[in-house]
J.: 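Before we start, here is the structure in question, set down as structure tokens.
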Amino acid sequence: MAQLSTIGQEKSWRDRILSGLRSVSPIYVVLILLLIGIGTQNPVFLEPSGILNLLRRAAPLMILTAGQLFVIVSGGFDLSVGSIMSLTVIGASLLINNDPTNAWWVILVLFGIGIVAGLINGALVSYLKVPSLIATLGMLLALRGAGLYWTGGAPRGYLTDNFRAFGRGWLEPVPWVERFPYAVIVLIVVSAILIYLFHYTNLGRQLLAVGDNPRAAKLAGIQVEKMRIVAFAVSAVTAVIAGILQGGFGGVNPDAGDGYELQAISAAVLGGAVLLGGRGSVPAAIAGALALEALFTLLNLLGLPKPLRDAVQGLIIIGAVAYAAFSGRRSR
Amino acid sequence: MTVKTLSNVRSLMRETRLPPVYAILVVVFVAAVVLDAIFGRGQITSSTILTNMVVRSVALGIVAMGQTFVMLAASIDLSVAYLISVTAVMASYLMQGDPNRVPMAVAAVFGIGAVVGLVNGLIVSKLKVNPFIATLGVGLVLKGLLNASFETFVGAVPRSFQTLGYGQIGPIPISILVLLAVTIIGALVLSRTKFGAHLYAVGGNVETSRLSGLRTDRVIILAHVICSLTAVLTGLFVVSRLRSGAPWVGTDGLYDLESIAAVVVGGTALSGGKGGVVGTLAGVLIFGILDTMFNQLGVDTFLKQVLRGAIIILAVASYTIRSREKAA
């Protein structure tokens with residue numbers, strides 16, 4: 001008996017470190033390895049200014065992924081976010097109409113458009129019972145068409161400097177790093193709010209319950225329909241923020257957000273989120289998005305032509321998910 | 001009188017076991033004819049326009065048949081658009097306008113398609129990767145390899161090969177016959193073969209099927225191979241109409257998302273196990289009618305996309321609201 005317990009203790013001492021390591025999402029390890037890889041190629045990238053630059057470039061995808069996670073854990077997809085981003089950039093350039101004083105109410109209008117799109121997505125999924133893949137795909141087609149219709153096919157106007165500051169501006173002077181990008185401030189604030197909402201309020205638990213088993217969640221008294229709508233609204237709001245940052249960083253481009261929806265879903269999955277719901281974490285999803293951007297940077301530094309980066313990205317996403325599926329089966 | 005006709009139609013549909021999407025198809029078609037008569041030139045029922053309408057649906061239709069197979073197995077294939085691009089480019093690159101090289105090129109692209117389908121199926125069934133991510137990843141790999149090798153239009157298909165896209169047998173375009181043949185073969189495979197029955201079983205419940213002794217992995221892999229082969233056929237049809245392939249022809253056609261939408265509008269459940277290729281044919285034709293109607297009415301190209309998105313959602317909502325399925 002005594003022997004058994006000592007053996008048990010010995011084992012638990014070793015196990016504790018192992019399980020402690022295992023409970024850390026592997027995405028952080030991947031992220032650190034990628035950063036080390038970048039550092040060996042060009043140490044400048046790991047200086048504070050280099051890291052801030054990487055974060056500034058990655059901010060739109062990181063914010064978008066955090067929002068997408070809300071939808072994924074509740075058991076759905078949001079394919080419409082890329083088109084909301086594009087529409088945000090197009091709408092900003094047309095509504096601001098080259099007058100910087102317009103920027104503030106335009107931002108409010110853009111959030112309004114995004115929230116309406118998100119609520120419609122949520123209502124279609126919750127009340128008309130349209131599968132989210134189809135509902136948000138329809139929204140993607142509709143918003144892409146609306147954006148092009150609005151511009152008449154070619155982008156017009158430009159974004160004023162005060163609007164673009166969010167995406168490309170720097171706060172100066174700042175101690176230690178001299179200057180600090182506004183985009184990273186936005187990233188920190190939005191991430192903090194979403195992490196708080198998801199991990200420190202009932203909202204996150206309820207979303208996880210909805211994604212895990214909607215019927216059980218309903219029987220437990222969760223308003224499943226309302227939760228789904230909230231998830232899509234959060235996702236749409238992050239898409240507007242990502243669009244404002246991306247527009248500031250890259251300027252007017254009618255397809256500024258194209259393809260971001262699939263990148264955000266991939267990034268969330270890299271961060272350990274399970275498609276069709278029930279499992280996920282906001283910080284890990286954000287880390288997944290940063291890892292994806294770090295991967296692009298590394299492949300760029302390695303001199304890989306841009307098309308091959310797509311191929312490597314594809315292989316890594318499959319590999320990461322296969323690994324997660326494999327280790328999930330083993331631990332069960 | 002009308003009540004009687006309606007019940008006649010209903011019993012007719014029950015007897016022929018046509019999926020309910022055909023009711024929507026009729027409604028859309030009648031609406032198109034009426035709208036065209038009032039606001040358009042009233043020519044939508046002319047045989048030229050009707051024929052063009054179907055020909056326009058062929059490219060999407062063929063690949064949507066394959067997509068139906070994977071979706072019946074509760075899987076999905078997002079790599080088809082890239083595979084269509086690969087096929088179009090490789091076919092015209094290998095043919096170089098020489099009729100003698102056609103058989104070799106066709107065999108080569110079908111070989112590529114079979115390998116892509118096999119890889120998709122293996123990743124989904126053996127590595128247990130979510131099909132959405134698996135086929136998206138494979139699509140990215142194809143896109144990367146293709147864009148790294150080719151930048152613009154390459155090679156050309158010989159004039160004889162363009163028969164596939166433009167040829168006619170009597171008054172009927174060959175392309176329409178190809179679509180019909182694919183649909184009929186697909187319907188027979190689903191209803192008359194052991195594989196078809198297994199496909200519905202696996203899509204209905206993988207675990208139960210496996211416990212009942214089905215080799216579920218093989219069924220899923222075969223469904224993916226079939227889907228990839230139909231994507232290759234669509235690619236061949238597209239390149240035969242364009243004369244030459246470019247790396248963007250598949251993705252620009254939005255064949256991945258549109259084929260999924262057509263399958264779902266056609267009544268196949270996203271969760272698998274329910275539906276069939278006959279419904280998908282109606283789904284594809286509905287898209288074709290809408291496109292033609294918008295053209296006839298002179299609707300703005302971009303506004304067209306908005307309406308299309310709305311109609312896809314409404315069509316799907318019209319079933320789900322009745323069946324009260326679990327939304328995902």
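Every chain is numbered from 1, with letters handed out A, B, ... down the list of sequences.
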J.: Any side-chain heavy-atom pair from B:I312 and A:L137 closer than 4.5 angstrom?
T.: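 Of all side-chain heavy-atom pairs linking A:L137 with B:I312, none is under 4.5 Å.
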J.: Let me know if B:I123 has heavy atoms under 4.5 Å from chain A in its side chain, its backbone, both or neither.
T.: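 For B:I123, side-chain heavy atoms alone lie under 4.5 Å from chain A.
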J.: Taking all atoms of both residues into account, what is the closest heavy-atom pair of A:I318 and B:A134, and its distance?
T.: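 Here A:I318 and B:A134 meet closest at CD1-O, 3.6 Å.
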J.: Kindly give the heavy-atom pair with the smallest separation between A:S266 and B:I133, and that separation in Å.
T.: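 Heavy-atom minimum between the residues: CA-CD1, 4.5 Å.
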J.: Please determine, among A:V269, A:V312, A:L275, the option with the most heavy-atom pairs under 4.5 Å with chain B.
T.: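 Greatest number of close heavy-atom pairs with chain B: A:L275.
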J.: Which answer fits B:V265, side chain, backbone, both or neither, if we ask what part of it has an atom under 4.5 Å from a heavy atom of chain A?
T.: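 Interface part for B:V265: neither.
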J.: Is chain A contacted by the side chain of B:L142, its backbone, both, or neither, given a heavy-atom distance below 4.5 Å?
T.: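 Looking at B:L142, nothing touches chain A.
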J.: Does A:I134 reach the side chain of B:I260, with side-chain heavy atoms less than 4.5 Å apart?
T.: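 Contact flag for A:I134/B:I260 side chains = yes.
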J.: Given a strict heavy-atom distance threshold of 4.5 Å, which part of B:L257 is in contact with chain A: side chain, backbone, both, or neither?
T.: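 Contact with chain A involves both backbone and side-chain atoms of B:L257.
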J.: Give, as side chain, backbone, both or neither, the part of A:L143 having an atom under 4.5 angstrom from any heavy atom of chain B.
T.: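 Contact with chain B involves no heavy atom of A:L143 at all.
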J.: If every non-hydrogen atom of B:A317 is compared with every non-hydrogen atom of A:V130, which pair is closest and at what distance?
T.: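 The pair with the smallest heavy-atom distance is CB-CG2, 3.5 Å.
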J.: Do other residues, nucleotides or ligands put more than 12 heavy atoms under 6.0 Å from B:Y93 OH?
T.: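 Result for OH/B:Y93: open.
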J.: Less than 4.5 Å apart, any side-chain heavy atom of B:E258 and any of A:L141?
T.: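 In contact.
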J.: To check you understand the geometry: which heavy-atom pair defines the closest contact between B:I313 and A:A135, and what is its length?
T.: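 In this case the closest contact between B:I313 and A:A135 is CD1-O, 3.4 Å.
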J.: Working to the nearest 0.5 angstrom, can you tell me the gap between A:Q313 CD and B:L136 CG?
T.: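 Those atoms lie 8.0 Å apart.
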J.: Evaluate the side-chain proximity of A:Y149 to B:D300: yes if any heavy-atom separation is below 4.5 Å, no if none is.
T.: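 In short, these two side chains touch, coming nearer than 4.5 Å.
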J.: Grab the two heavy atoms, one from A:A146 and one from B:V306, that are nearest each other, plus how far apart they are.
T.: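 Scanning both residues, the minimum pair turns out to be N-CG2, 3.3 Å.
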J.: Would you mind checking which part of B:A148 comes under 4.5 Å of any heavy atom in chain A, side chain (CB onward), backbone (N, CA, C, O), both or neither?
T.: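 Both backbone and side chain of B:A148 come within 4.5 Å of chain A.
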J.: For the residue pair B:L140 and A:D310, what are the closest heavy atoms and their distance?
T.: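 Where B:L140 meets A:D310 most closely, the heavy atoms are CB-O, 3.5 Å.
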J.: Is A:L308 in contact with chain B via its backbone, its side chain, both, or neither, using a 4.5 Å heavy-atom distance?
T.: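 Contact with chain B is through both the backbone and side chain of A:L308.
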J.: Find out whether B:I76 and A:L133 are in side-chain contact, i.e. whether some heavy atom of one side chain is under 4.5 Å from a heavy atom of the other.
T.: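 A side-chain contact exists here, since the closest heavy-atom pair is under 4.5 Å.
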